[in-house]
Structure formats: C-alpha cells, structure tokens
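Owing to the predicted nature of the structure, the values given are computational and were not obtained by experimental measurement.
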Amino acid sequence: TGGTVVVLGSTGRNFAAGMSGGVAYVLDLSADLVNAELVDLGPLRPDEETTIKELLGSHVKWTESPVARRLIEDWEHARERFTLVLPRDYQRVLDVQATALAQGLEVDGVEVWNRIMEASRG
C-alpha cells in the first residue's frame with residue numbers, strides 16, 4: 001500500500017509475511033524471525049534517515065516515548081540498529097517510477113503502469 005512503519009519493539013516469528021508494499025524500519029530486528037520470501041533486508045539508506053527521525057520525533061511528541069527520545073539523541077549509534085524491510089515487488093515499482101520521472105513521464109500514466117506490470121512479471 002505504500003505505507004511506512006517504524007517498529008521499536010520486538011517482532012514475532014514470520015514478520016513481513018505477505019508484505020507487498022510499503023517499507024518497515026525495525027529496531028534490533030532478529031532476521032531469523034522474518035519471512036524473507038517476499039522481502040529484502042538491508043541497512044538504512046541515507047535518504048531514509050530523515051524520515052525515520054521525523055517519525056520518531058512525532059512519536060515523542062504524541063507519546064513522550066523515552067525509547068524514541070533516546071534514539072533521536074543518540075542517532076549516530078541508533079541508526080545502525082535499524083533494518084530496512086522492503087518488499088521486492090515494491091522496490092521494482094519504485095524503480096520504474098524513478099525512471100519515469102527521470103524521463104519526464106507522468107508517474108500515474110498508462111505507460112508507467114505498463115512498465116510496472118512488466119517489471120512485476122520479471
């Protein structure tokens with residue numbers, strides 16, 4: 001669906017099963033609990049750090065979370081503790097959209113949709 005979630009607590013087994021869109025950023029993820037059939041795991045990408053810090057900041061604002069506050073205060077170390085969980089098909093969609101934008105195409109246009117469908121088959 002294209003959503004974004006930051007998980008600060010533990011996950012159960014089979015995490016990400018059926019995950020088809022969006023991204024998850026998980027603190028201290030135990031990779032052996034992830035259903036890696038549809039997703040890839042990786043480190044944070046530099047452009048994602050701002051998003052996560054903003055989400056953590058909102059969490060602090062609304063909940064006064066001491067965990068989120070400590071993560072923000074010690075971001076240099078905290079960022080290494082996060083794992084990106086990204087569905088492979090969703091990454092293909094993002095790649096096609098980025099290419100379309102670079103070519104000056106309308107991202108929601110029919111041509112881009114056809115490219116997304118082709119990418120999802122291959």
Side-chain angles (χ1 to χ4, degrees):
T1 59
T4 302
V5 63
V6 176
V7 179
L8 301 180
S10 60
T11 66
R13 64 180 172 80
N14 214 22
F15 181 78
M19 187 175 173
S20 61
V23 295
Y25 304 103
V26 184
L27 181 68
D28 298 329
L29 179 65
S30 180
D32 59 322
L33 296 178
V34 175
N35 182 328
E37 183 178 337
L38 301 174
V39 300
D40 289 319
L41 306 179
L44 299 184
R45 298 175 287 198
D47 60 324
E48 296 168 321
E49 291 188 31
T50 301
T51 300
I52 296 169
K53 286 170 64 176
E54 287 173 356
L55 290 169
L56 290 171
S58 292
H59 187 54
V60 169
K61 175 183 174 184
W62 293 104
T63 69
E64 299 181 9
S65 167
V67 172
R69 184 181 316 279
R70 283 192 303 272
L71 291 168
I72 293 168
E73 290 171 355
D74 189 25
W75 184 248
E76 291 304 311
H77 294 102
R79 69 178 179 205
E80 301 298 323
R81 295 174 57 196
F82 281 95
T83 300
L84 166 65
V85 181
L86 181 64
R88 289 181 201 101
D89 285 343
Y90 187 61
Q91 181 61 59
R92 287 187 196 108
V93 169
L94 296 175
D95 291 343
V96 169
Q97 288 178 335
T99 300
L101 283 173
Q103 295 174 354
L105 298 174
E106 185 178 323
V107 174
D108 293 327
V110 172
E111 186 175 343
V112 174
W113 176 250
N114 288 336
R115 289 183 188 188
I116 290 170
M117 295 306 293
E118 287 173 21
S120 69
R121 291 185 199 115

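Pairing each heavy atom of R69 with each of E64, the nearest pair is NH2-CA, 4.2 Å. The minimum heavy-atom distance linking G22 with P87 is given by the pair O-CD, 3.1 Å. Residue H77 comes nearest to D74 through the heavy atom pair ND1-OD1, 2.8 Å, listed as atom of the first residue, atom of the second, then distance. Across all non-hydrogen atoms, the minimal contact from L44 to R79 is CD1-O, 3.7 Å. The minimum heavy-atom distance linking K53 with I72 is given by the pair O-CD1, 4.3 Å. The two residues V60 and A68 come nearest to each other via the heavy atoms CG2-CB, 3.5 Å.
One finds the OG1 atom of T83 at 10.0 Å from the CZ atom of F15 (value rounded to the nearest 0.5 Å). Distance OG/S10 to CG/L33: 8.5 Å, rounded to 0.5 Å. The CD atom of E37 sits 9.0 Å away from atom CG of N14, with the distance rounded to the nearest 0.5 Å.
V85 and L55 fall into different hydrophobic clusters, where Ile, Leu, Val, Met, Phe, Trp and Tyr are joined by side-chain heavy atoms under 4.5 Å apart, directly or via other members. Cluster annotation: I52 is connected to L71 through the hydrophobic network of ILVMFWY side chains, with a link wherever side-chain heavy atoms come within less than 4.5 Å. Put simply, L56 and L84 are part of the same group of oily side chains (I, L, V, M, F, W, Y) that touch within less than 4.5 Å, one to the next.
With V39 as reference, V34 is the one residue of L86, V34, V23 to meet the side-chain contact (heavy atoms from CB on, under 4.5 Å) rule.
Ionic pairing of E73 and R70 is not present here: no N-O contact between side-chain nitrogen and carboxylate oxygen is shorter than 4.0 angstrom.
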Item to check | Residue pair D40, R88: steps toward the side chain to side chain contact (heavy atoms under 4.5 Å, CB included) verdict | outcome: CA-CA 6 Å; D40 289 319; R88 289 181 201 101; 2.9 Å; yes

Checklist entry - Does the pair F82 and D28 meet the rule for a side chain to side chain contact (heavy atoms under 4.5 Å, CB included), with working shown? => result CA-CA 6 Å; F82 281 95; D28 298 329; over 6 Å; no

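Residues Y25 and L8 have side chains not in contact (no heavy-atom distance under 4.5 Å, counting atoms from C-beta outward).
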